[in-house]
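Read the numbers this way: they start at 1 and go in the same order the structure lists the ligands and their atoms.
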Amino acid sequence: MDRRSFIKKILRRFFPLAGAFALGVPVLSFITYRKPNERKVVFHPGEQLSGLNFKDGVFLERQGETFYALSSKCTHLGCTLGYDVLSSQFLCPCHGSVFDRSGKWISGPAKKDLRELSLKQLDNGDIVVVEKL
Ligand code: FES
């Protein structure tokens with residue numbers, strides 16, 4: 001077998017395999033992709049100050065040794081809420097819904113209270129807040 005026919009033979013076998021791989025990997029990853037159904041936000045001990053703490057879209061309220069977590073997504077259309085220190089209320093910048101500090105709806109187009117999120121405290125002091133998506 002001369003060099004030219006050897007190279008042709010190699011290329012004839014290589015390109016279909018490379019093509020199948022190049023096409024197969026994205027198709028397989030598309031088929032097997034699953035959207036995550038929850039996300040976790042970890043508050044380390046230094047981020048658990050008394051009062052209201054905010055991290056990655058989660059409000060963590062500390063009252064003594066008790067914690068509860070609220071989603072920062074407005075229950076109307078999902079805008080991220082801001083917290084007004086003077087009135088101690090959550091305010092939606094999009095359409096003006098207002099929630100009290102415990103997440104109860106006060107006024108505006110959102111008619112539901114803020115979602116309370118589940119949390120668990122780890123042995124190392126971290127608090128893991130789980131938000132279902
Ligand atoms: Fe908050 Fe509309 S998204 S009031």
Do we see a donor-acceptor contact under 3.5 Å between the side chains of Tyr68 and Arg62?
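Their side chains do not contain a donor-acceptor pair, so the 3.5 Å distance test is not met.
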
A side-chain contact here means heavy atoms from C-beta on lying under 4.5 Å apart; do Leu60 and Leu119 qualify?
yes

Listing residue and atom name, which protein N/O/S atoms are closer to atom 2 (Fe) of ligand 1 than 2.8 Å?
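Sorted hits: His76 ND1, His95 ND1.
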
Would you kindly say whether the two SG atoms, from Cys94 and from Cys79, are closer than 2.5 Å?
yes

Ignoring hydrogens and angles, tell me if any N or O in the side chain of Asp113 forms a donor-acceptor pair with the backbone of Trp105 under 3.5 Å.
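The answer is yes, because a donor-acceptor pair under 3.5 Å joins these two groups.
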
Check this for me: does any side-chain nitrogen of one of Arg115 and Glu131 sit under 4.0 Å from a carboxylate oxygen of the other?
yes

Between Phe90 and Phe59 (judged by ring centroids, cut-off 6.0 Å), do the two rings come close enough to count as a pair?
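Here the rings of Phe59 and Phe90 have centres that are less than 6.0 Å from each other.
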
